[in-house]
Number of protein chains: 2
Amino acid sequence: MPEPATPSYLLLGPFAQLIPMAGLALKGPLRDADMPVLTNAGLLLQGAEIVATGPYDILEQQARELRADHFRPDGDAVCLPGLIDSHTHSCFAGSRARDYALRNSGSTYLEIAEAGGGIWDTVTQTRKADPTTLERLLRERCKRFTADGITTLEVKSGYGLSVEAELKMLRVIRSAAARVVQDLVPTCLAAHMVPRDFEGSAEAYLKHIENDLLPVVRTEGLADRVDAFVERSAFSPQQIGPFFEAARRMGFGITVHADQFTTGGSAAAIAGGALSADHLEASGPAEVAALANSSVIATALPGASLGLGCGYTPARALLDAGGSLAIASDFNPGSAPMGDLLAQAAILGAAEKLSNAEVLAGITFRAAAALGLNDRGRLEAGKKADLVVFPCDHYNEILYHQGRLKPVSVWKNGRCVLDLSKTAS
Amino acid sequence: MPEPATPSYLLLGPFAQLIPMAGLALKGPLRDADMPVLTNAGLLLQGAEIVATGPYDILEQQARELRADHFRPDGDAVCLPGLIDSHTHSCFAGSRARDYALRNSGSTYLEIAEAGGGIWDTVTQTRKADPTTLERLLRERCKRFTADGITTLEVKSGYGLSVEAELKMLRVIRSAAARVVQDLVPTCLAAHMVPRDFEGSAEAYLKHIENDLLPVVRTEGLADRVDAFVERSAFSPQQIGPFFEAARRMGFGITVHADQFTTGGSAAAIAGGALSADHLEASGPAEVAALANSSVIATALPGASLGLGCGYTPARALLDAGGSLAIASDFNPGSAPMGDLLAQAAILGAAEKLSNAEVLAGITFRAAAALGLNDRGRLEAGKKADLVVFPCDHYNEILYHQGRLKPVSVWKNGRCVLDLSKTAS
């Protein structure tokens, strides 16, 4: 549907509370008392963009002059920026429910791999899947994320692990992006591990990606970002340095799977000028201090902690040291099969003692920063009109219910993409 | 609606898998390999009761001869006993979202109480609420539990803390019980704490309950069970002993909030001949061994661990020592506001390395045993026809999705109380 030449105005409100997340710092601790809260507030949109936020009465006058349309929530409602999930592996085929059961029954990583499980199972299933099937699966997952209030979703490749299969994944993500609610942010994760069927060293595999895959990704515009898994089972910091350097020269942004089980990855992220270092469950005081002193966004992935039954990313320590903290779901079929960003962010907040402001920042503007996006994550004039509305009278309620309070409406680029008040009435 | 004189027959199936939980021991570890799984299976009901489980083809012949009705699931489906939540505080008024925010922002228990929060806030709100409002809130929560597959729900009083207000709560629970899907199992928790407005010692308060409340509860048939919070902030093991003894003499079953922050409660539960000892996050090897050697069902409450951000009940150790483990939500407005039994049980399973069989036992027949109920929790002839159907082809999928895979249909006493396949098609 083509946009009209002059996008029309739309007034949303009144909201019991509107939480613009405006004016809050990108780094360091945040107190709820410092988080701006507009009560009895409205939001004026023009097309896909926010024109103004403010007291509802004042915006209503303005809206009348502009002949704006009007969306009025049913009952008490709290409006937040649309949620941003900055780290997911949502494009995959197959289930790893058996791995999960084996792991919880005490099987080791090796035993699971020998039983035909582990990441290689997902690679095999994803390689086998035709693009139509892969895209259908991804689009079904995006529908669920819409109901969760997610309006921007990062999606990694990394289950192809050959030039052909990685390109298939990235093309599927691009094709899905035109058909789902969310903006999909694709990331090339060909450096997820050295594939079993690659004949050569880790260095040779990275060189192969650099020479034979990344140029095609650039030419076709399939992704602006490159990710790598820096871990004993994948690539060492020494191996990944030259790869990041080459990717940066080609114009890619960098993000890193870092310090999940052993350290080294976060230092590689800092050295590589990465946008974000994700996982960090194994980060100690030295890694925390180095991250806080860098421009890298630290990203906690509580879904992996819950899925594997491990400890959490030291989120409190990262913030207290002055770092920036995003929170993402890591949704994937192996270690993080839940895929519920809000529930996981709330659970992390309770475990790590994070304020509402810190948790909400982690899934809005700080997550946007982890993706290098400045046009979203805060409700203020000039930003994208991506927003989520919860049926409650105070923002405290949203995290308190630990994922059980679902949005009553969701807006993407100024369009209503979910409205449960209508279906209920 | 009166039941017909001869209840009619109903055949359910075919199911990809039917997990009857039959033949599994009440105590000790359980392996998935030992859990009976019927494939391509059916379930024959007569009225509210299970007549037979078995291969679908055979039951279909039998059903034809009995002129049974037929419910056929859409696509692959796995059938389990209806879920049982054996520890909840689902009857309350008010929100403690502010407490939750303050706690995560670093406020102490004392600071929260001084700010007007804590359990006394819920007592005040619940005392103020009229019975109609309280019942409406409880019934709304039960609707959500139906969608979660819960067919039996324990509900405690304990936010009244006066004879009058405790009776109000128990009468509300009884009134709601006639109008909700679940069997509600009421428990008198007047011994939740010494109420602020009681003039006298802890011993005097317990004597007051014993003399002035419990006889009325008995006479009106409002509850068969008595619970107490054994903890430094509430009642000591020494104080609670005579109270349990008196309650038992009156014919009440006993259950205990035990070892949540400090030990002593589980020993009191064993000494008091309790059905279950719930919480146990602080239980050490001595408590674990004593529980395992007793007939007390140990009940893990992962919702409280997630809500407070604390460690989990040592579920693995309890099972390995030979104990029986139930898993319940502890749904309450203070420490466990999520109220999602399946998600919490799965998360506990991943953290504590519990098999599918152990987790599913904890929310079916072992939870039934914690409530002293022998008529449910397993799908076998003669048991209640309470069951839940998940849209998947293998039981592994149910816990793997950590609460995100919701039932497609739910049956209570042989009646379909939720059927999403119909609304979807």
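For the atom pair CG of Asn396(A) and CG of Asn104(B), the computed distance is 10.0 Å after rounding to the nearest 0.5 Å. One finds the CD1 atom of Ile347(B) at 3.5 Å from the CE atom of Met338(A) (value rounded to the nearest 0.5 Å).
Between the side chains of Gln402(B) and Tyr100(A), at least one donor N or O sits under 3.5 Å from an acceptor N or O.
Between chain A and the options Cys392(B), Ser355(B), Gly339(B), heavy-atom pairs under 4.5 Å are most frequent for Gly339(B). The residue among Gly349(A), Ala343(A), Ala101(A), Pro337(A) with the most heavy atom pairs within less than 4.5 Å of chain B is Pro337(A). Taking chain B as the reference chain and counting heavy-atom pairs below 4.5 Å, the highest number among Glu352(A), His401(A), Glu358(A) is found for His401(A). In terms of heavy-atom pairs under 4.5 Å with chain A, the best-connected choice from Gly403(B), Gly307(B), Ser305(B) is Gly307(B). Listed options Leu348(A), Asp340(A), Leu102(A) were ranked by heavy-atom pairs under 4.5 angstrom with chain B; first place goes to Asp340(A).
Interface remark: Pro29(A) contributes no atoms to any contact with chain B (heavy atom separation under 4.5 Å). Proximity to chain B involves both the backbone and the side chain of Arg96(A), based on heavy atoms less than 4.5 angstrom apart. Heavy-atom distances place no part of Ala357(B) under 4.5 Å from chain A, backbone and side chain included. For Leu354(B), the part sitting under 4.5 Å from any heavy atom of chain A is the backbone (N, CA, C, O) and nothing else. In this structure, chain A has no heavy atom under 4.5 Å from any part of Ile398(B).
The main-chain N or O of Asp99(B) is never found under 3.5 Å from a side-chain atom of Tyr400(A) such that the two would form a donor-acceptor pair.
Of all non-hydrogen atoms in Ser95(B) and Glu397(A), the two that sit nearest each other are OG-OE2, 2.7 Å.
Residues Asp32(A) and Ser105(B) meet the side-chain proximity criterion, which asks for heavy atoms closer than 4.5 Å.
Here Asp148(B) pairs with Arg404(A) in a salt bridge; the nearest charged N to carboxylate O distance falls below 4.0 Å.
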